> 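The structure is given below, and queries will be raised subsequently.
Quick caveat, the model's predicted, so the values are computed rather than measured. In each ligand, atom 1 is the first atom listed, and ligand 1 is the first ligand listed.
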Amino acid sequence: MHHFQYSGPTLHCESVELAAVAKLYGTPTYVYSAATMADNYTRLARGLAGLDVQLCFAMKANSNIAVLRHFANLGAGFDLVSGGEIRRVLAAGANVRSSVFAGVGKSEAEIRLALENGIFAFHVESEPELARINHVAGTLGVKAPIAIRINPDVDAHTHAKITTGKSGNKFGIPLKHAAAAYEAAAKYPHIAIKGVQMHIGSQLTSVAPFVEAVEKVAPFAAELKAKYGITYFSIGGGMGIVYKDALASGEQAWWDAQPIEQRPLTPETYGAALVPLLQPLGLKILLEHGRFMVGNAGVLLSRVEHLKRGAGKNFLIVDAAMNDLVRPAMYDSYHEIVPLHRDSSRRALVADIVGPICESGDCFAKDRQIQEVGEGELVAFMSAGAYGYSMANRYNTRPMAAEVLVKGSTFELINARETFEQMIAGEKIPAFLK
Ligand code: LLP
């Protein structure tokens, strides 16, 4: 469920007409719905009722400081992966103390910054990393809280670039070596064992791989509780969202119309399957969902530059490009694309929807059917709230897009479009070229 819907002919985010946002701030612009994020948070918490849950929003999905502040206000901590993300949490006025630090290559400086700010735990991916964390904690005269990431060797049945829990992935320590890793951790003077962690992949659309992974790791978590007194089990993130029918999936009626066995994963199904497996452990359960929290809470607004009609092929050229939303180019991912002004008298158009960047990969959709739209008209890329802006870049010297947050009938700019001067601020001509 989300809060993007047509009201009459015009697409709204909550009570705000999206065309008004585009008029004020231009395009391409990301627009987020605060109510959708809050609903997602609440539904996930309710779905897991009966457990002691701490939600650590995977901020790599969307790290705008306003979004972080919104989740912090709701009670979330963060799953963060860099010194930059620690600093974003601080800039948002939020708490690092309920956040966890993941990633296979944490630098000494990042480990120090996390310890100085009271990180809840490091999610450790290897034995050399354990030694490094112990060393840095020693120089600060503190004990570093840790959990080791277990790689449960489960197939998440998702895109190869975002599956993480198979034995061939770079992540975590195989279950059969995990006991030895904990024994090694227990010997370090500046390490405090706090928990155990896993994460099997992203955009999972069925609950079965989660169940398989939890069933594999839960007995080990129970052993760790008995042996080291661990207090938590993080089961990672990874809940998928609806991309194909994104707009319609905002309505309860759409969900009701899906056959139960084909219904996309919901927090209710996820909770119903996992709560009985997790409850007997008596541990705090950490969740690290990113995409589920924000994916359907954001759209990317874009303006049509041209409709180029070709022999046997039409191209709808829009002002957003692969630098603004890289997912289609990178993962062949599908984003629904809809007009901001719906007009049933218009013909349908079949076109490749592309950006202005000079390479063929800058294509959002092939042979997509969309209501005919022309130069200057506006479209929205649905389900763009996760891994949209956060993966954007400046390729072709295109500035980073603007971001806007909507709440009810109000909206505010939460990130101004980048200027050319900001883009080249760090660059200079060396003396030997002058
Ligand atoms: N925890 C860990 C340790 C992770 O590596 C990730 C995501 C998450 C949690 C959050 O996963 P989520 O709930 O968002 O699925 N850029 C890709 C997704 C990469 C995910 C990387 N790790 C995309 O656009 O599909």
> As an exercise, identify every atom of ligand 1 less than 4.0 angstrom from a heavy atom of G237.
9 (C), 13 (O)
> Counting from 1, what ligand 1 atoms have a heavy atom of S202 closer than 4.0 Å?
11 (O), 12 (P), 14 (O), 15 (O), 18 (C), 20 (C)
> Kindly indicate whether the side chain of S302, heavy atoms from C-beta on, has any atom under 4.5 Å from the side chain of D319.
yes
> Between R149 and ligand 1, which part of the residue brings a heavy atom under 4.0 Å of the ligand: side chain, backbone, both or neither?
side chain
> Can you tell me if M293 contacts ligand 1 (heavy atom of the residue under 4.0 Å from the ligand)?
no
> State the atoms of ligand 1, each with its element, that fall below the 4.0 Å cut-off from a heavy-atom position in R327.
23 (C), 24 (O), 25 (O)
> What about F4 and H12, are their ring centers closer than 6.0 Å?
no
> At under 4.0 Å between heavy atoms, which part of H199 makes contact with ligand 1: side chain, backbone, both or neither?
side chain
> Do any nitrogen or oxygen atoms of Q197 come within less than 3.5 Å of a nitrogen or oxygen of ligand 1?
no
> Mark the output for Y331 as yes if a heavy-atom distance to ligand 1 is under 4.0 Å, and as no if none is.
yes
> Short list, please: which atoms of ligand 1 are under 4.0 Å from a heavy atom of D79?
1 (N), 2 (C), 9 (C)
> Quick one: does L55's side chain get under 4.5 Å of F78's, heavy atoms only?
no
> How about Y389 and N62: do any of their side-chain heavy atoms sit closer than 4.5 Å?
no
> Does NZ or CZ of K194 come closer than 6.0 Å to the centre of the six-membered ring of Y232, within 45° of the ring's axis?
no
> Tell me every residue that passes salt bridge (charged side-chain N to carboxylate O under 4.0 Å, His left out) with K227, counting only those two or more places apart in sequence or in another chain.
E183
> Can you tell me if H123 contacts ligand 1 (heavy atom of the residue under 4.0 Å from the ligand)?
no
> What atoms in ligand 1 come closer than 4.0 Å to a heavy atom of E288?
1 (N), 2 (C), 3 (C), 8 (C), 9 (C), 10 (C), 13 (O)
> When only distance counts, is G238 in polar contact with ligand 1, meaning an N/O pair under 3.5 Å?
yes
> V354 versus C363: any side-chain heavy-atom pair under 4.5 Å?
yes
> For a quick check under 3.5 Å, do E359 and Y395 share a side-chain donor-acceptor pair by atom type?
yes
> Taking atom 22 (N) of ligand 1 as the point of reference, which of K60, M330, M239 owns the nearest heavy atom?
K60
> Enumerate the residue pairs fulfilling ring pair (Phe, Tyr, Trp, His ring centres under 6.0 Å) with a member in residues 57-77, sequence neighbours excluded, ordered by first and then second residue.
F57-F71
> Do any nitrogen or oxygen atoms of G290 lie less than 3.5 angstrom from nitrogen or oxygen atoms of ligand 1?
yes
> Give the contacting part of A61 toward ligand 1: side chain, backbone, both or neither, where contact means a heavy-atom distance below 4.0 Å.
neither
> Side-chain contact, heavy-atom cut-off 4.5 Å: I148 with Q197?
no
